[in-house]
Amino acid sequence: MPPWARISGADYADRALAIFAIAPKEIGGLWIRARAGPVMDRVVLWLRHALEIARVPPTTRDEDLFCSFDLGQALSSGTITPNAGLLDRSGTILMPMAERCPKRLAAHLGAAIDDGTHAVIALDEGFDGDELPPDALTERLGLFLDLSHQHNFAPSTTYAALTEARERVLTTTIGPDEITELVIVAAQLGISSLRAPLSAVAIAKAHAALLGRNRVESDDLIAAAQLAFGHLASMTPEASEQPPPPEMEAEAGDIGEDEMTSTGIPSDMIVEAALSALPRDVLQALADGRAARTIAAGSGSGAIRKGSSRGRPLPSRRGVPADGARIDTVATLRAALPWQKIRGRASPDEPLRFRKSDLHHRVYQERTDRLLIFTVDASGSQAMTRLAEAKGAVEILLAEAYARRDQVALVAFRGQTAELLLPPTRSLVQTKRRLSGLPGGGGTPLAAGLQEALSVALGAQAKGMSPTLVLMTDGRSNIALDGQANRAQADADAQRMARLIAERGIASLVVDTGLRVSKSLTELASTLGGDYIAMPRADARRLSAIVSDSLDS
């Protein structure tokens with residue numbers, strides 16, 4: 001490899017996997033973003049042969065992670081039998097579906113990484129930039145690898161080469177100037193955490209060992225910048241560049257020296273290597289996802305949900321505490337005390353006699369994220385007007401969602417089918433781009449629109465969200481689900497889909513955009529169990545205000 005050369009494509013992926021396998025705990029972890037398929041299977045199989053891996057899915061309970069015991073058995077028998085947890089043994093953890101990792105589990109894994117006892121491989125199978133693993137985990141994963149566009153990739157580094165590199169990396173050295181350069185580059189890219197430069201140092205040493213060297217050189221720094229900084233960069237140096245002070249300007253005879261780092265590498269070369277590590281759209285998607293999670297941290301207005309870790313306290317519940325639940329000591333004692341005299345006859349030697357049935361745990365109440373599914377009639381002569389107002393309302397509601405936990409989706413139906421024009425998102429930029437040009441005209445397949453909206457709502461419910469359907473139409477349905485022009489069948493299909501939506505407990509709001517009140521839409525709203533609003537001359541701001549008021553009431 002010539003000096004300052006950059007790695008790319010399959011070679012980049014192969015190098016990243018090999019470097020992680022050489023020094024996993026020093027690097028911290030590996031974040032792999034790809035959909036489930038043959039490529040992911042080959043990568044996981046290679047990692048399982050290269051490392052000792054324990055699988056930890058997002059549903060893993062605390063008692064499976066740490067040394068634990070059966071509380072009910074301990075109270076009944078008076079003896080504690082500990083069970084070893086997954087984090088009690090040092091090694092590498094593989095987490096599938098890392099985009100669904102709860103914050104509690106991410107905190108535990110992050111602490112294990114910080115302690116240097118474990119490394120984590122996060123398999124991110126998210127659909128878009130909004131679906132990302134928690135920041136508490138990703139900021140500790142020193143390597144990021146995007147395999148979304150690698151359809152035939154397979155790791156090629158041999159296990160013999162890994163064994164040799166693992167022995168060599170123990171004696172591989174890196175100078176203070178090289179470490180300083182990595183810290184400076186991280187600061188120029190807007191990376192404030194020192195974890196990234198520390199991971200970059202480990203990556204540079206592993207890269208040198210993989211290539212048969214015992215000291216870090218210039219191309220090792222380039223590779224480290226590409227592998228460690230690309231997915232964490234939050235700005236480009238041009239955005240933060242300050243003019244140098246007069247006393248630092250180069251003299252006339254020093255032409256070109258100010259363009260070199262103390263290691264002899266051009267000053268902008270390491271930064272460019274880091275920025276070239278990922279396609280710009282991937283970087284933007286990751287940035288949008290991080291911003292969306294920041295927005296979601298505000299107050300919410302979704303459905304009420306009971307949990308065991310946070311929210312408004314509710315009366316304690318009887319039963320063995322589930323994962324993450326806290327024992328209510330006072331309630332447990334209150335339940336056990338009345339039975340002490342009777343239980344003492346059977347167990348006179350026990351000073352305090354507990355039974356499993358005495359256990360009480362705390363319960364909290366919180367609100368879930370809410371998804372507003374705009375289902376818009378894009379048929380007929382007023383289609384463009386309805387779509388324009390729906391588009392404006394979506395953008396207004398998204399702008400207001402910075403203080404809430406709302407996401408927005410848009411379904412349009414026309415002709416014979418319905419189409420999901422905007423998947424669930426919080427990104428205002430993505431929304432404006434996708435809604436820049438919308439089709440209109442044709443028949444009115446209302447049932448197909450409700451069917452598509454139901455599909456989106458069920459997907460949201462599976463992720464723990466609270467979907468709400470906002471239907472905008474004039475009610476003149478004339479296309480049945482089979483695509484045939486049959487008004488009677490179309491109305492029957494729409495009523496059937498409305499019953500399915502109501503049975504799933506999905507909140508709804510019907511906005512009648514016709515010039516006269518539609519009897520069929522009032523009946524549809526009744527079947528949906530939702531509100532009916534007549535709005536023949538709605539504008540985007542009024543529509544968004546009515547939707548917000550109706551859903552918050």
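Note that the structure is a prediction, hence the values are computed from the model and not measured.
Residues Pro467 and Ile373 share a closest heavy-atom pair of CB-CD1, 4.1 Å. Taking both residues in full, the closest heavy atoms of Pro423 and Ala409 are given as C-CB, 4.2 Å, listed atom of the first, atom of the second, then distance. Shown here for Ser477 and Ala490, the closest heavy-atom pair between the two residues is OG-CB, 3.4 Å. Ala16 and Leu143 make their closest contact through O-CD1, 3.6 Å (heavy atoms, listed as atom of the first residue, atom of the second, distance). Residue Ile479 comes nearest to Ala485 through the heavy atom pair CD1-CA, 3.9 Å, listed as atom of the first residue, atom of the second, then distance. Shown here for Ala453 and Thr375, the closest heavy-atom pair between the two residues is CB-OG1, 3.4 Å.
At a threshold of 4.5 Å between non-hydrogen side-chain atoms, the residues Val376 and Leu421 do not count as touching. The closest side-chain heavy-atom distance from Arg48 to Arg55 is below 4.5 Å. Taking 4.5 Å as the limit, every side-chain heavy atom of Leu446 sits out of range of all side-chain heavy atoms of Asp377. Between Met97 and Pro57 there is no side-chain heavy-atom pair separated by less than 4.5 Å. Contact check for Phe153 versus Leu145: no side-chain heavy atoms found under the 4.5 Å cut-off. Residues Leu137 and Leu105 have side chains not in contact (no heavy-atom distance under 4.5 Å, counting atoms from C-beta outward). Looking at Leu524 and Gln495, their side chains come closer than 4.5 Å, going by heavy atoms from C-beta outward. At a threshold of 4.5 Å between non-hydrogen side-chain atoms, the residues Val456 and Pro424 count as touching.
Surrounding CG of Asp41 are more than 12 heavy atoms belonging to other residues, nucleotides or ligands, all under 6.0 Å away.
With values rounded to the nearest 0.5 angstrom, Leu454 atom CG is found 9.0 Å from Leu469 atom CG. Leu458 CG to Ile506 CD1: the interatomic distance, rounded to the nearest 0.5 Å, is 5.5 Å. Rounding to the nearest 0.5 angstrom, the gap separating the NE2 atom in His108 from the NZ atom in Lys103 is 14.5 Å. Taking CG of Asp491 as the start and CG of Asn478 as the end, the distance is 9.0 Å to the nearest 0.5 Å. The CG atom of Leu47 sits 13.5 Å away from the CZ atom of Arg42 when rounded to the nearest 0.5 Å. Taken from OG in Ser508 to CG in Leu450, the straight-line distance is 9.5 Å, to the nearest 0.5 Å.
Evaluation of the side chain to side chain donor-acceptor pair (under 3.5 Å) rule for Thr417 yields no partner, not counting sequence neighbours. Looking at residues two or more places apart in sequence or on another chain, you find a side chain to side chain donor-acceptor pair (under 3.5 Å) between Gln489 and Asp493.
A side-chain donor-acceptor contact under 3.5 Å links Gln461 to the backbone of Arg504. Within the 3.5 Å criterion, the main-chain N or O of Ala36 finds no donor-acceptor partner in the side chain of Glu125. Side-chain N or O atoms of Ser455 include none that pairs as donor or acceptor with a backbone N or O of Gln451 at under 3.5 Å. Looking at Arg140, its side chain never comes within 3.5 Å of a backbone N or O of Gly28 through a donor-acceptor pair. Side-chain N or O atoms of Glu452 include none that pairs as donor or acceptor with a backbone N or O of Glu419 at under 3.5 Å.
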Take Thr60 and Met95, measure what side-chain contact (heavy atoms from CB on, under 4.5 Å) needs, and give me the verdict at the end.
CA-CA 10 Å; Thr60 301; Met95 174 178 286; over 6 Å; no

From CA spacing to verdict: side-chain contact (heavy atoms from CB on, under 4.5 Å), Leu422, Phe374
CA-CA 9 Å; Leu422 179 68; Phe374 280 81; over 6 Å; no

Worked verdict on Thr473 versus Phe413 for side-chain contact (heavy atoms from CB on, under 4.5 Å):
CA-CA 10 Å; Thr473 180; Phe413 55 94; 4.2 Å; yes

Step by step, work out the side-chain contact (heavy atoms from CB on, under 4.5 Å) result for Leu481 and Met497.
CA-CA 10 Å; Leu481 277 177; Met497 297 309 304; 4.1 Å; yes

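Remark: of the listed residues Leu87, Ile121, Ile53, Leu86, Leu87 is the sole one forming a side-chain contact (heavy atoms from CB on, under 4.5 Å) with Ile93. The only option from Ile113, Thr138, Leu30 that meets the side-chain contact (heavy atoms from CB on, under 4.5 Å) definition with Val120 turns out to be Ile113.
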